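Data first, discussion second: the structure below is written as structure tokens.
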Amino acid sequence: MPLLVTGSIGIDTVKTTFGVSENCLGGSAVYFSYAASFFSPVRFVGVIGPDCPFELAKIFEGKDVDLAGLEVRENSKTFRWSGTYHDDMDNRTTDYLELNVLAEAPPKVPEQFSDSNFIFLANTAPKLQLELLEQIKEPVFVAADTMNCWIENNLAHLKLLLKRINCLILNEDEARLLACEKNLIKAGKSIIGMGPKYVLIKKGQAGSLLYSADGEMFILPAYPVENVMDPTGAGDSFAGGFMGYLAQKRTTDSKSLKEAIAYGTVTASFTIEGFSLNGLSSITKNDIDSRFDELKKMTSF
Ligand code: AMP
């Protein structure tokens, strides 16, 4: 089933203990699309300014990512983000955030994309996520990501969005912030009460957990990676593997959701082994499948 994503396209500066990567390609929609395209064709919707130094057509060459929804907006500027990772590589500080084009009108969904069924609203302003969703005729499964800056500054729009989506994907600190609740189980339940049927909470090296409105819970550790170079994009790649797998399988039953979480987990494990898209651009679907099998063995008893 057609999978559509919207989110940020960013010029990132990332600092980790391994070094600094300045003005590299990033953005939630970029990581998501690259990761999801290992599983399913992706329809990409996003906006950049004329200052964007990256040629996305070249970046996605050979990948099944349709860039018909990429807008270059005159008189605007590309989103910029910079972050520094702490020594544990799980936590980071945002050094600066320049919303630029993300603070403006949403991108337009091309007519040929409006019949998309699987939708991922990657990290961007909740208002844009809502306005994009309104352009889709018959969404079947909608997942969204969010983060602390939107929870703190755009809560009203975020709450409206939560009523319109099937699954919210966010990290553990964000879940606690959104629910105003320290205990993650209680936080998950509280977020379910805000609208989505599923809440998928990412816990960095500790893996992820899924809560469902019917009370079912699923937990999975992260794939163990020895050399973590840059965790940027791990969450978006996780979501890409998750949604890409579901779109390819055309179902969201309980078994498929669990398999999708495992595929998201191993896809993200490659992202963090390099800066920017380097960890993902050097692998094939076979590499993902091998780690999936290993993860399955490591977590069965
Ligand atoms: P992740 O590490 O999965 O959270 O994703 C990091 C990517 O998200 C970076 O490449 C940034 O460009 C992008 N990003 C960071 N902050 C935001 C934000 N507030 N809205 C949209 N995208 C963001």
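First listed ligand is number 1; within each ligand, the first listed atom is number 1. From a predicted model like this one, the values you see are computed outputs, not experimental measurements. Keep in mind that the numbers below use all heavy atoms, side chains included, and drop hydrogens, waters and symmetry copies.
Below 4.0 Å from some heavy atom of G235 lie the following atoms of ligand 1, by number and element: 3 (O). Numbered from 1 in the order shown, with element, the atoms of ligand 1 that lie under 4.0 Å from a heavy atom of S8 read 13 (C), 21 (C), 22 (N), 23 (C). Every atom of ligand 1 is numbered from 1 in the order shown, and the set under 4.0 Å from a heavy atom of G26 is 10 (O). Those atoms of ligand 1 that come under 4.0 Å of a heavy atom in T232, given as number and element, are 2 (O), 6 (C), 9 (C), 10 (O). Below 4.0 Å from some heavy atom of C149 lie the following atoms of ligand 1, by number and element: 19 (N).
By the 6.0 Å contact criterion, CG on D253 is enclosed, its count of non-hydrogen atoms from other residues, nucleotides or ligands being greater than 12.
Closest to atom 9 (C) of ligand 1, if we only count protein heavy atoms, is D12 OD2, 3.2 Å. In terms of protein heavy-atom proximity, atom 23 (C) of ligand 1 is nearest to F79 CZ, 3.4 Å. The nearest heavy-atom contact from the protein to atom 5 (O) of ligand 1 is D236 OD2, 2.7 Å.
Around atom 20 (N) of ligand 1, the closest heavy atom drawn from Y31, Y85, W81, W150 belongs to W150.
The proximity of A234 to ligand 1, defined as any non-hydrogen pair under 4.0 Å, is limited to the backbone.
Under 3.5 Å, the side chains of S237 and T267 contain no donor-acceptor pair of N or O atoms. Between T284 and N286, the side chains place no donor N or O within less than 3.5 Å of an acceptor N or O (distance only, hydrogens not considered). Inspection of the D95 and T84 side chains reveals an N or O donor paired with an N or O acceptor under 3.5 Å. Checking Y263 against D289 by side-chain atom types alone, a donor-acceptor pair falls below 3.5 Å. Judged purely by distance below 3.5 Å, without hydrogens or angles, the side chains of Y245 and S256 never pair a donor atom with an acceptor atom.
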Test side-chain hydrogen bond (donor to acceptor under 3.5 Å, both in side chains) applied to S8 and S28, step by step: CA-CA 5 Å; S8 61; S28 53; 3.0 Å; yes

Validation: residues 98-105 side-chain donor-acceptor distances under 3.5 Å, sequence neighbours left out:
{"from": "E98", "atom 1": "OE1", "to": "N100", "atom 2": "ND2", "distance (Å)": "3.4"}
{"from": "N100", "atom 1": "ND2", "to": "T78", "atom 2": "O", "distance (Å)": "2.8"}
{"from": "E104", "atom 1": "OE1", "to": "R73", "atom 2": "NH1", "distance (Å)": "3.2"}
{"from": "E104", "atom 1": "OE1", "to": "S76", "atom 2": "OG", "distance (Å)": "3.1"}
{"from": "E104", "atom 1": "OE2", "to": "S76", "atom 2": "OG", "distance (Å)": "2.8"}

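In this structure, R92 counts as a contact residue of ligand 1, since one of its heavy atoms falls inside 4.0 Å of the ligand.
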